[in-house]
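Comments concern the structure below.
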Amino acid sequence: MENHSPDAVDVQKNKGMAVIAYIIFFVPLLVAKDSAFAKYHANQGLILLICAVALNFVLGIIPFLGWFLLPFANLAVFVFAILGIINAANGLMKPLPYIGEYTLIK
């Protein structure tokens, strides 16, 4: 995904839903289902959630090294969530680093 130019009216109307997408990704899909801006950020939130679960699972079962790396992985997930929230609050459709180019929600 690349930077998109979202519709200004859509952004103003659904900024809050886009921010919420990084906390609970499916809420914007229910509340603002016609918003391309909210769907974009819901997709980013879903991808971040999947990565967080996968990292926690994999690192959680690897003794010692995985247990050592787990807090750093969770910190990275937290930082990515903050980046996504900042992008949503600023009305940007900017992908998250490394994981943002994937699309699961269209």
Side-chain angles (χ1 to χ4, degrees):
M1 281 184 200
E2 63 207 30
N3 288 340
H4 301 313
S5 297
D7 178 37
V9 174
D10 185 18
V11 169
Q12 287 304 321
K13 186 177 175 187
N14 296 298
K15 257 187 198 180
M17 285 296 113
V19 168
I20 289 172
Y22 292 95
I23 301 164
I24 306 172
F25 81 91
F26 62 85
V27 170
L29 298 175
L30 300 173
V31 177
K33 54 187 155 223
D34 296 328
S35 169
F37 184 69
K39 278 185 185 178
Y40 177 83
H41 287 286
N43 180 71
Q44 297 285 292
L46 174 60
I47 292 169
L48 187 59
L49 174 66
I50 291 170
C51 288
V53 170
L55 281 169
N56 277 276
F57 179 75
V58 170
L59 293 176
I61 61 173
I62 299 173
F64 306 112
L65 180 61
W67 301 337
F68 175 76
L69 294 176
L70 192 56
F72 298 106
N74 286 324
L75 179 62
V77 168
F78 179 71
V79 169
F80 281 18
I82 296 299
L83 286 173
I85 289 170
I86 290 170
N87 287 337
N90 289 329
L92 301 174
M93 290 175 74
K94 185 177 176 186
L96 294 173
Y98 306 109
I99 62 172
E101 70 258 8
Y102 301 104
T103 303
L104 300 176
I105 300 170
K106 295 184 186 218

Using the ring pair (Phe, Tyr, Trp, His ring centres under 6.0 Å) rule, collect all pairs that involve residues 7-33, keeping only residues at least two apart or in two chains.
Y22-H41

For A89 and V19, work out which heavy atoms get closest and say how close.
N-CG2, 4.0 Å

Is there a path of hydrophobic side-chain contacts, each under 4.5 Å between heavy atoms of I/L/V/M/F/W/Y residues, joining L70 to L65?
yes

Rounded distance [0.5 Å steps], CG in L83 versus CG in L48:
10.0 Å

Partner set under side-chain contact (heavy atoms from CB on, under 4.5 Å) for K39, not counting sequence neighbours
L29

Just verifying a value: how many Å separate N43 CG and L96 CG, rounded to the nearest 0.5 Å?
9.5 Å

I82-Y98 co-clustered via ILVMFWY side chain contacts under 4.5 Å:
no

Shared ILVMFWY cluster between I86 and F37, side chains joined below 4.5 angstrom?
no

Do V31 and L46 land in one hydrophobic cluster if side-chain heavy atoms of ILVMFWY residues count as linked below 4.5 Å?
yes

Side-chain contact test, heavy atoms from C-beta onward, threshold under 4.5 Å: evaluate it for Y40 versus P95 and give yes or no.
yes

Mind checking the CD1-CE spacing from I20 to M17? Nearest 0.5 Å is all I need.
3.5 Å

Would you please name every residue forming a ring-ring contact (aromatic ring centres under 6.0 Å, His included) with F78, sequence neighbours left out?
none

Tell me whether L69 shares a hydrophobic cluster with W67, the cluster being built from Ile, Leu, Val, Met, Phe, Trp, Tyr side chains joined at under 4.5 Å.
no

Could you list the residues that satisfy side chain to side chain donor-acceptor pair (under 3.5 Å) with D7, not counting sequence neighbours?
none

Going by ring-ring contact (aromatic ring centres under 6.0 Å, His included), name the residues that satisfy it together with F68, two or more places apart in sequence or in a different chain.
F72

Can you find a pair of side-chain heavy atoms, one from I50 and one from I99, that are under 4.5 Å apart?
no

Interatomic distance, N90 atom CG to I85 atom CD1 [nearest 0.5 angstrom]:
12.0 Å

Closest non-hydrogen contact found for S35 with A38 is OG-N, 3.0 Å

Spacing of D10 atom CG and K15 atom NZ [to the nearest 0.5 Å]
11.5 Å

If you round to the nearest 0.5 Å, how far is CD of Q44 from OH of Y102?
12.0 Å

Report, one line per pair, each donor and acceptor closer than 3.5 Å where one atom sits in a side chain of residues 53-62; sequence neighbours left out.
| from | atom 1 | to | atom 2 | distance (Å) |
| --- | --- | --- | --- | --- |
| N56 | OD1 | N74 | ND2 | 3.3 |
| N56 | ND2 | A52 | O | 2.7 |
| N56 | ND2 | N74 | OD1 | 2.9 |

